[in-house]
Structure formats: structure tokens, C-alpha cells
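Here's the structure, in C-alpha cells; my notes come after.
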Number of protein chains: 2
Amino acid sequence: MKENKKVSTTRRKSADIRKDNLQLILSVAEQRFAEYGYNGTTISSIADQAQLPKSNILYYFKTKEVLYKEVLTQILKIWLVDMEEMSADQHPREALRHYIILKVKQSKDHSNASRIFASELLHGAPFLREKLQTDLKVQFMKTCQVFREWIAKQWMNPISPEHLLFMIWSSTQAYADYGLQSSILMGKTELDESDFETGAELITQVVLKGCGVKLL
Amino acid sequence: MKENKKVSTTRRKSADIRKDNLQLILSVAEQRFAEYGYNGTTISSIADQAQLPKSNILYYFKTKEVLYKEVLTQILKIWLVDMEEMSADQHPREALRHYIILKVKQSKDHSNASRIFASELLHGAPFLREKLQTDLKVQFMKTCQVFREWIAKQWMNPISPEHLLFMIWSSTQAYADYGLQSSILMGKTELDESDFETGAELITQVVLKGCGVKLL
DNA sequence: CAACTAACTGACCACAGGGTCAACAAGTTA
DNA sequence: TAACTTGTTGACCCTGTGGTCAGTTAGTTG
């Protein structure tokens with residue numbers, strides 16, 4: 001952690017420098033934005049943590065807003081991937097379980113990204129509205145359609161696909177958003193592996209049974 | 001909206017003035033904090049919206065932080081009330097339904113409060129940690145105990161009370177936190193009465209069935 | 001009504017934070 | 001290695017914001 005980039009004696013190509021620094025900045029920025037929100041995060045604080053001068057951050061990202069949007073964009077990509085996997089020919093028993101487990105895992109492994117996303121929505125998605133209306137909506141509607149087909153095949157009870165998806169989103173997402181609250185309430189400093197597992201399993205069970213999906 | 005407090009010819013007692021202004025400021029502050037978060041909210045903006053000079057706000061609340069904490073305190077009170085109603089001698093069929101409906105209603109009627117609370121948790125509860133560890137935790141444990149007794153009575157399946165409560169919280173809370181996202185995805189400008197109803201009903205059904213609570 | 005307290009407010013201040021810029025260093029290329 | 005591009009940085013600026021304060025007005029009380 002101590003070594004400075006300058007210490008390296010080997011010459012680094014411009015392209016590499018650029019790639020590395022962009023990556024470093026984005027990653028540090030993600031942490032800070034997740035913890036302190038957009039307004040609560042200062043460029044200087046990002047700079048400090050990345051061990052770069054503030055000016056250097058501004059060299060790569062013209063403004064704080066640009067940097068934030070870039071972080072958001074990366075996050076949305078991750079967010080959409082999992083949903084794509086569900087398809088109507090899979091049985092909800094496996095497909096939903098798989099999706100729920102993935103989502104909880106994502107809450108655990110990409111907690112920062114999840115929280116930024118949540119915070120953005122919470123405050124009216126000022127930077128994300130457009131993306132929501134296009135990319136996310138498309139995927140949302142596709143997934144609802146999958147649910148509808150499952151219902152038509154009588155693989156699950158006839159319930160509102162939209163609200164079901166909201167329910168799955170929020171309860172899985174909660175393991176990122178409210179992980180801290182949860183750990184406090186359970187008297188721990190942090191949720192551990194088994195908490196995420198138990199959570200994912202419980203959500204799966206409740207959702208499957210609750211939707212009348214036949215278990216094996 | 002146009003009349004200024006000064007226009008009133010009737011004399012107002014100091015106590016009344018104080019009460020009214022405190023109320024006004026707290027209520028406006030709640031809106032702003034919900035929409036823009038702690039750091040995104042300026043005292044001036046609160047002042048503008050309340051049609052009071054900034055100095056006047058600072059007269060009633062020494063600092064921004066004091067004001068914010070006051071808002072939070074009020075919110076937590078509201079938040080805890082509903083949970084108290086559940087007791088072990090009620091049947092989960094009615095008790096859970098009742099609680100879920102209340103929670104969703106709260107998301108609708110006190111969306112601002114809910115969102116501030118969520119935002120606070122999201123960012124590590126810097127101002128709320130203590131309260132969580134005491135007040136909320138007590139109520140949390142009581143409620144988990146109620147669930148346990150239901151399980152013992154075989155009124156519901158043996159599932160983790162903690163995680164079940166998280167699931168109920170997050171999925172009901174979502175109607176405040178992600179109400180905007182939901183409406184965008186459903187192609188509306190705002191969730192309407194029936195959306196909240198459908199949501200509450202769906203959550204209730206899924207939870208009850210999912211927990212193996214016998215329906216009538 | 002006089003003395004007092006509570007409510008109110010504009011002017012002011014300190015300073016943090018986003019962003020600019022000019023100069024310089026390091027890599028690239030012919 | 002010279003000309004050029006890309007990366008790096010400290011000094012600087014300006015706006016916005018939290019907060020102070022002294023002076024004023026409006027209610028209270030003996």
C-alpha cells in the first residue's frame with residue numbers, strides 16, 4: 001500500500017497509466033460515494049484515498065458529476081446482467097432461486113455499487129432517470145413477461161409480476177442497503193457469510209411457496 | 001400561500017409563534033432532507049421554502065445538525081409504533097396482514113420520513129446508530145420473539161424470525177424508497193392508491209403462504 | 001407604561017469545495 | 001534527439017454555505 005507509482009523504475013506506457021489511474025479513481029470513488037453520497041463526497045477525499053493530487057482526478061474526469069455518472073453507468077451494467085438469465089422455459093423453481101441467490105450475493109460482493117444505486121433512486125434518480133426509462137425498463141418488462149408465461153403455464157399462481165419483482169428486488173437489495181442496520185440489530189459488527197446464505201434461502205423459500213411454485 | 005404571517009392583525013402569543021414555527025420548519029426540513037439528503041440540503045433552501053429568513057431557522061435550531069437530528073427523532077417514533085401492535089396471542093394471519101398493510105400505508109403517507117430513514121441507514125446511520133442499538137433493537141427483539149412463539153404454536157413454519165422481519169421491512173419500505181423507480185418502470189408519473197393496495201396485498205399473500213400460515 | 005424577555009433579521013465572516021490554469025515532467029514517434 | 005502528445009501538479013479563484021452577531025421589533029409582565 002505504501003509504494004508510490006513513481007517508485008517504479010520500469011517505464012509505463014501512457015495507455016497503461018491511463019487505464020490504471022481511471023480504474024483506481026473509479027474504484028475509490030465508488031467507495032466514497034457509497035459511504036457518503038454524492039454531496040457528501042469531496043473530490044479531495046477521493047484524491048487523498050487514491051493518493052493522487054486533486055488536480056489529477058480532475059484531469060481524468062472533467063467534473064465531479066462526470067465521475068459520478070461514470071460510476072453509475074458501470075453499476076447499472078452489473079445490475080442488469082443477472083436478470084437477463086431468467087427465461088420462460090426455465091422452471092421458476094430453479095430460475096427464481098438462482099436469481100435470488102445471485103442478487104443476495106451481489107448485495108454482499110458489490111455492496112458499494114448496490115448502495116449507490118439505492119441512494120440514487122431514493123433521491124429521485126436525478127442522474128439515472130433516462131437510463132431507467134430505457135435500459136432498465138426494457139429488462140423489467142422482459143422479466144415481467146417471463147413471469148406471465150410461468151403463470152400461464154400454471155407454474156405459479158396468478159400474481160402481479162411487477163409487484164413480485166419489486167418484492168424480490170427490495171428484499172435481496174436490503175442485504176446491501178440495510179446490512180448495517182441488520183448487523184446492529186443482530187448484535188454483530190458485520191453480517192457474515194452464513195447470514196447472507198440464510199437470508200437468500202429464506203427469501204427463496206418464502207417467494208417460491210408464496211407464489212405457489214411446486215417444490216420438488 | 002401569499003399571506004405573510006405579519007399580515008395577521010390578531011396578536012399571537014409567543015408560545016404559539018414558537019410552536020407554529022418549529023412545526024413549519026421541521027416539516028419543510030423533512031421534505032428537503034428526504035429529497036436531497038443531509039449534505040444536499042442547504043439551510044437557505046429550507047428557509048426559502050418556509051418563507052422565513054435563514055437567520056430565523058438558525059434561531060430555532062442552533063445548527064443544521066441539530067435540526068436534522070430532530071427530524072430523525074420524530075421519524076423513529078413513527079417508525080416504531082406499528083411494530084408494537086403485533087403480539088403472540090394474535091394469529092399471524094391477521095397480525096402480519098395488519099402490519100404489512102400499515103407499513104405500506106406508512107410508505108405512502110410518510111414517504112419523506114421513510115426515505116430519510118432509509119438514506120440514513122444506507123450511509124451507515126451516522127446520526128442514528130445509538131437509537132438503533134437501543135430503541136429499535138428492543139422492539140426488533142420483541143417482534144422476533146412473537147414470531148418464535150407463533151412458530152412454537154405451529155402457526156407458521158420454522159423460519160428465521162430475524163430474516164423474515166428484514167424481508168417484510170424491506171419489501172414494504174420499498175414502496176417509499178423505490179416508489180419513483182417503480183412508477184417509472186410501470187410508465188406512470190406516480191404510484192396511485194391501487195398500486196399501494198396491490199403491493200400490500202401481494203406482500204401479504206406471499207409472506208403468509210410463504211411462511212406456511214394457514215389461510216381461512 | 002416601564003422593564004423585560006422572546007422573536008426576528010440583515011450584514012457579515014470564515015472557509016470548504018469545485019474547478020481553472022499555466023508550467024513542467026514523462027512518454028511517444030519520426 | 002527534436003517535436004509532439006500525454007500525464008502531473010501547485011497555486012489560485014470564486015461561489016456557496018454554515019454560522020455569528022448586534023441591533024430591532026414584538027409580545028409579556030409587574
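All values below were derived from every heavy atom in this structure, side-chain atoms included, with hydrogens, water molecules and symmetry-related copies excluded. Below, chains carry the letters A, B, ... as their sequence lines are ordered, and counting in each starts from 1.
- Rounding to whole angstrom units, CD1 of residue Ile25(B) and C1' of dC8(C) are separated by 11 Å.
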Between protein and nucleic acid, restricted to nucleotides 23-25 of chain C and to nitrogen or oxygen atoms under 3.5 Å apart, what atom pairs and distances do you find?
none

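- Spacing between atom CG of Asp20(B) and atom P of dG27(D) amounts to 13 Å, rounded to whole angstrom units.
- Among residues at least two apart or in separate chains, salt bridge (charged side-chain N to carboxylate O under 4.0 Å, His left out) pairs with a member in residues 15-39 of chain A are Arg12(A)-Asp20(A).
- Rounded to an integer number of Å, the gap from Asn56(B) CG to dT20(D) P is 15 Å.
- Taking the side chain of Pro53(B) as heavy atoms from C-beta on, and the options dA7(C), dG10(C), dG10(D), the nearest nucleotide is dG10(C).
- Listed by chain and number, the residues in a salt bridge (charged side-chain N to carboxylate O under 4.0 Å, His left out) with Asp135(A) amount to none (sequence neighbours excluded).
- In this view, Tyr68(A) and Phe33(A), Tyr38(A), Phe127(A) satisfy the ring-ring contact (aromatic ring centres under 6.0 Å, His included) rule, not counting sequence neighbours.
- Between the side chain of Glu70(A) and the backbone N or O of Leu26(A) there is no donor-acceptor pair closer than 3.5 Å.
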Sequence neighbours left out, cut at 3.5 Å: what donor-acceptor pairs do the side chains of residues 80-89 of chain A make with other protein atoms?
residue  : atom : partner   : partner atom : Å
Asp82(A) : OD2  : Gln106(A) : NE2          : 2.8
Glu85(A) : OE1  : His98(A)  : NE2          : 3.0
Ser87(A) : OG   : Asp89(A)  : OD1          : 2.9

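- The CG-P distance, from Asn21(B) to dG27(D), rounds to 12 Å in whole Å.
- Following rounding to the nearest Å, Leu24(A) (CG) and dG7(D) (C1') show an atom-to-atom distance of 15 Å.
- Sorted by first and then second residue, the salt bridge (charged side-chain N to carboxylate O under 4.0 Å, His left out) pairs with a member in residues 37-65 of chain A read Glu65(A)-Lys69(A); sequence neighbours excluded.
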Strictly under 3.5 Å: I want the nitrogen or oxygen pairs between protein and nucleotides 17-19 of chain D, one per line.
residue : atom : partner  : partner atom : Å
dG18(D) : OP1  : Thr41(B) : O            : 3.4
dG18(D) : OP1  : Lys64(B) : NZ           : 3.1
dG18(D) : OP2  : Ile43(B) : N            : 3.0
dG18(D) : N7   : Lys54(B) : NZ           : 3.1
dG19(D) : OP2  : Lys64(B) : N            : 2.8
dG19(D) : N7   : Lys54(B) : NZ           : 3.3
dG19(D) : O6   : Lys54(B) : NZ           : 2.8

Enumerate all atom pairs, one protein N or O and one N or O from nucleotides 2-6 of chain C, separated by less than 3.5 Å.
none

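- Within the structure, every pair that satisfies the ring pair (Phe, Tyr, Trp, His ring centres under 6.0 Å) test and touches residues 165-188 of chain B, not counting sequence neighbours, is listed here: His163(A)-Tyr175(B), Trp79(B)-Trp169(B), Phe140(B)-Phe166(B), Phe140(B)-Trp169(B), His163(B)-Phe166(B).
- Atom CD of Gln51(B) is separated from atom C1' of dT9(C) by 16 Å (rounded to the nearest Å).
- Identified under the salt bridge (charged side-chain N to carboxylate O under 4.0 Å, His left out) test for residues 181-193 of chain A, with sequence neighbours left out: Lys108(A)-Glu193(A), Lys188(A)-Asp192(A), Lys188(A)-Asp195(A).
- One can place NZ of Lys13(B) at 10 Å from P of dT29(D), the figure rounded to the nearest angstrom.
- The closest side-chain donor-acceptor pair between Tyr36(A) and Asn39(B), if any, does not fall under 3.5 angstrom.
- Counting only residues at least two apart or on different chains, the salt bridge (charged side-chain N to carboxylate O under 4.0 Å, His left out) pairs with a member in residues 196-205 of chain A are Arg97(A)-Glu201(A).
- With dA7(C), dG10(C), dT20(C) as the candidates, the nucleotide lying closest to the side chain of Ser55(A) is dT20(C).
- Residues satisfying the side chain to side chain contact (heavy atoms under 4.5 Å, CB included) criterion with Lys137(B), sequence neighbours excluded, are Leu185(A), Met141(B).
- In this structure, the NZ atom of Lys19(A) is 18 Å from the P atom of dT6(D), given to the nearest Å.
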